[in-house]
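Here's the structure we're looking at; comments come further down.
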Amino acid sequence: MHGYSRLGSSARTSSSSSPPSSPRFRHGRNKLSGGCAGGRSSKQTSAVERVVYVFVSAVFRRRGVLLLAPVLYISLMLLYMGSVGFDVVNLKHSVVGVVVHNSKHRTAMAPGSVYRSPQVFEKLWPLMEAESNGSRVNALMTAWNSTRRQGWKPCVDKSISTTELPKSNGFLIIEANGGLNQQRLSICDAVAVAGLLNATLVIPIFHLNSVWRDSSKFGDIFDEDFFIYALKNHVNVVRELPEDILQQFDNNISKIVNLRVKGWSSPTYYLQKVLPKLVQMGAVRIAPFSNRLAQEVPSNVQWLRCLANYEALRFSGPIRRLAENMVDRMVKNSSQSGGKYVSVHLRFEEDMVAFSCCEYDGGEEEKREMDIARERSWRGKFRRRGRVIRPSANRVDGKCPLTPLEVGMLLRGMGFDNNTSVYVAAGKIYKAEKYMAPLKQMFPRLEAKDTLATPEELAPFKGHSSRLAAIDYTVCLHSEVFVTTQGGNFPHFLMGHRRYFYGGHAKTIKPDKRKLALLFDRPDIRWEDFSRPMQDMLRHSDHKGFELKKPSGSLYTFPMPDCMCKLAEARSESSNTTRLA
């Protein structure tokens with residue numbers, strides 16, 4: 001027997017169990033074109049040519065063009081081999097490979113495949129300094145073009161309702177894993193599923209992740225009381241299972257049936273598969289719960305996601321108080337720019353550098369340290385048979401984490417001068433003394449958690465990566481400009497929050513790392529040729545600041561139009577008023 005779903009029948013109309021997969025490019029087979037054209041006298045035709053002609057004609061008549069294709073291909077390769085030499089060499093694990101080289105026995109590296117940023121900096125640094133001493137306006141004051149602002153405002157209804165929620169169908173227990181924002185995603189999706197199933201949500205359990213190594217519970221990171229209060233008119237939330245329910249499972253939560261829900265499951269799946277179990281047993285678990293709800297769901301389900309993420313989830317009191325103090329300090333330190341500052345999400349921790357499989361300028365010592373780091377965090381994953389690590393290809397493809405030096409050059413090229421206050425949100429930077437020095441040289445007003453807060457203030461959060469990430473998140477949220485350098489949940493959620501709070505504009509710089517790889521690989525580049533594409537990237541980021549959610553997109557990054565309403569601006573000479581469209 002199916003239970004009652006408060007969100008009505010509209011959620012049942014979703015016919016697929018998951019959103020459409022990303023489009024894939026399929027390459028068709030190459031077809032042979034018609035052969036040679038040109039006249040030939042019958043008297044000159046030899047007997048051999050006649051035999052060949054008959055054979056080819058027979059093949060084509062029998063539609064055997066695919067049988068002929070390999071023969072032609074091999075013939076062309078043999079012709080080409082006259083100018084190319086082949087050596088056969090033994091690779092690791094006794095795999096035989098072929099190395100192709102030219103007549104001079106040299107292999108040219110692809111542009112952008114080598115880390116040459118220090119040489120570029122050495123060439124450009126005097127020019128950066130000369131520009132800072134000029135009369136150019138700091139880009140911090142002009143980064144975002146106000147004429148592009150389209151006018152959006154949050155429209156999540158937070159009004160208090162006197163209508164009581166219907167009787168619950170049972171208790172929903174979920175386990176959130178990953179880092180801060182992966183947990184956040186699981187929590188918000190759980191609220192949406194609980195509303196869909198008319199279930200009572202138990203405060204989510206946080207799984208101890210082997211990479212993040214943070215034992216924090218929900219109440220250590222988020223304001224538990226506020227979360228329950230903000231949702232009370234829409235979804236029932238309790239801190240723990242009632243005693244009578246727990247006794248039905250011998251006081252052991254692990255004995256509650258764990259439903260293995262597939263990733264990106266549709267509302268229809270939950271109503272048809274999960275709801276009957278919930279009604280029958282009174283409580284169900286879904287663990288893990290990461291990405292277990294489709295992106296594209298009916299508007300009433302999306303609305304619950306909006307409410308949870310942008311209104312109900314706020315950080316715990318200790319995190320909030322310290323983060324707000326740090327924001328105040330950044331504003332005071334930025335008095336020369338009207339209290340405006342830049343925040344950068346810098347992903348150059350040892351684990352991130354190791355996972356990227358990119359090479360920098362540390363030589364054999366760096367390679368050895370990266371091998372150790374990969375084995376420590378991802379035991380054996382990078383040593384599997386057939387796995388090939390291509391650092392150069394990763395760099396050309398824009399997959400390498402930007403170094404602090406590269407971030408500094410990016411910002412200076414865009415026009416942010418040395419008076420700009422910059423906050424760096426990061427974990428422990430790999431070889432920080434070496435790599436952070438040039439960033440500090442370019443931006444003397446550089447701050448991070450360890451410089452902006454005292455050791456005593458940070459002491460309660462040390463050893464808890466998610467709590468420290470929450471502090472970084474808050475300081476970045478209030479910056480005039482946010483720079484993302486490597487993707488991930490942190491910048492995606494932050495961009496959504498910034499759009500929600502800043503009238504729909506993300507105020508975020510998202511650099512084109514493929515272009516950067518090419519520019520950072522030119523030690524002889526002129527300053528004008530370097531700064532021009534950087535300023536183009538800034539303008540592009542401004543243009544992309546307003547972006548609506550696509551069908552397969554996430555409202556955690558693109559809150560418009562699900563969580564925000566557009567404003568129509570009515571302007572006249574005598575007044576400047578804004579009304580809701």
Side-chain angles (χ1 to χ4, degrees), residues 137-159 184 188 230 295-314 327 331 334 337-343 345 414-416 473-484 491-511 535-581:
V137 177
N138 190 347
L140 185 59
M141 311 305 293
T142 60
W144 313 123
N145 187 346
S146 59
T147 61
R148 288 199 181 113
R149 296 186 182 176
Q150 301 173 17
W152 291 79
K153 66 172 290 184
C155 56
V156 175
D157 184 11
K158 297 173 285 184
S159 59
R184 189 182 196 106
C188 297
Q295 299 277 26
E296 189 66 10
V297 296
S299 58
N300 46 9
V301 181
Q302 291 286 48
W303 183 86
L304 287 173
R305 277 173 158 166
C306 296
L307 177 65
N309 187 52
Y310 296 112
E311 300 295 344
L313 272 181
R314 74 179 188 187
V327 169
V331 170
S334 312
S337 54
K340 297 178 179 180
Y341 61 92
V342 174
S343 63
H345 185 222
M414 288 179 173
F416 295 92
Y473 192 97
T474 305
V475 181
C476 290
L477 180 61
H478 293 281
S479 65
E480 174 66 11
V481 175
F482 171 64
V483 183
T484 173
H492 290 161
F493 271 81
L494 191 59
M495 287 171 67
H497 256 113
R498 289 172 68 83
R499 285 190 169 105
Y500 192 78
F501 289 146
Y502 299 130
H505 197 299
K507 291 189 172 184
T508 297
I509 295 173
K510 191 175 181 182
Q535 290 163 29
D536 289 341
M537 286 185 201
L538 177 57
R539 283 189 290 270
H540 182 72
S541 294
D542 185 20
H543 179 72
K544 298 290 284 185
F546 290 105
E547 198 168 355
L548 300 182
K549 185 180 79 65
K550 297 175 182 177
S552 60
S554 168
L555 64 73
Y556 303 121
T557 305
F558 307 100
M560 306 175 294
D562 296 290
C563 311
M564 302 184 73
C565 303
K566 191 170 184 179
L567 297 171
E569 293 184 353
R571 299 177 184 272
S572 64
E573 294 182 359
S574 59
S575 64
N576 182 1
T577 59
T578 303
R579 60 183 176 80
L580 187 62

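Remember, predicted model here, so these are calculated numbers, not experimental data.
Shortest non-hydrogen contact noted between Arg305 and Val297 is NH1-CG2, 3.9 Å. What you find for Cys155 and Met564 is that their closest heavy atoms are SG-C, 3.2 Å.
When the ring-ring contact (aromatic ring centres under 6.0 Å, His included) test is applied to His497, the partners found at least two apart in sequence or on another chain are Tyr310, Tyr473, Phe501. Residues satisfying the side chain to side chain donor-acceptor pair (under 3.5 Å) test with Lys549, not counting sequence neighbours, are Glu296. Taking Tyr341 as the reference, nothing meets the ring-ring contact (aromatic ring centres under 6.0 Å, His included) condition, with sequence neighbours excluded.
Between the side chains of Ser479 and Arg498, a donor-acceptor pair is found at a separation under 3.5 Å. Defined by atom type and a distance below 3.5 Å, a donor-acceptor pair is missing between the side-chain atoms of His543 and Asn145.
For the pair Arg184/Asn309, a side-chain contact is recorded, criterion being any heavy-atom separation below 4.5 Å from C-beta on. Put simply, the side chain of Tyr500 reaches to within 4.5 Å of the side chain of Val156, judged on heavy atoms. Here the side chains of Thr557 and Phe493 are not in contact, with every heavy-atom distance at 4.5 Å or above. Taking the side chain as every heavy atom from C-beta outward, Thr508 and Pro491 never approach each other to under 4.5 Å.
Remark: side-chain polar atoms of Ser337 are paired, donor with acceptor, to backbone N or O of Lys340 under 3.5 angstrom. A donor-acceptor distance shorter than 3.5 angstrom exists from the side chain of His505 to the backbone of Asp542, with no hydrogens or angles considered.
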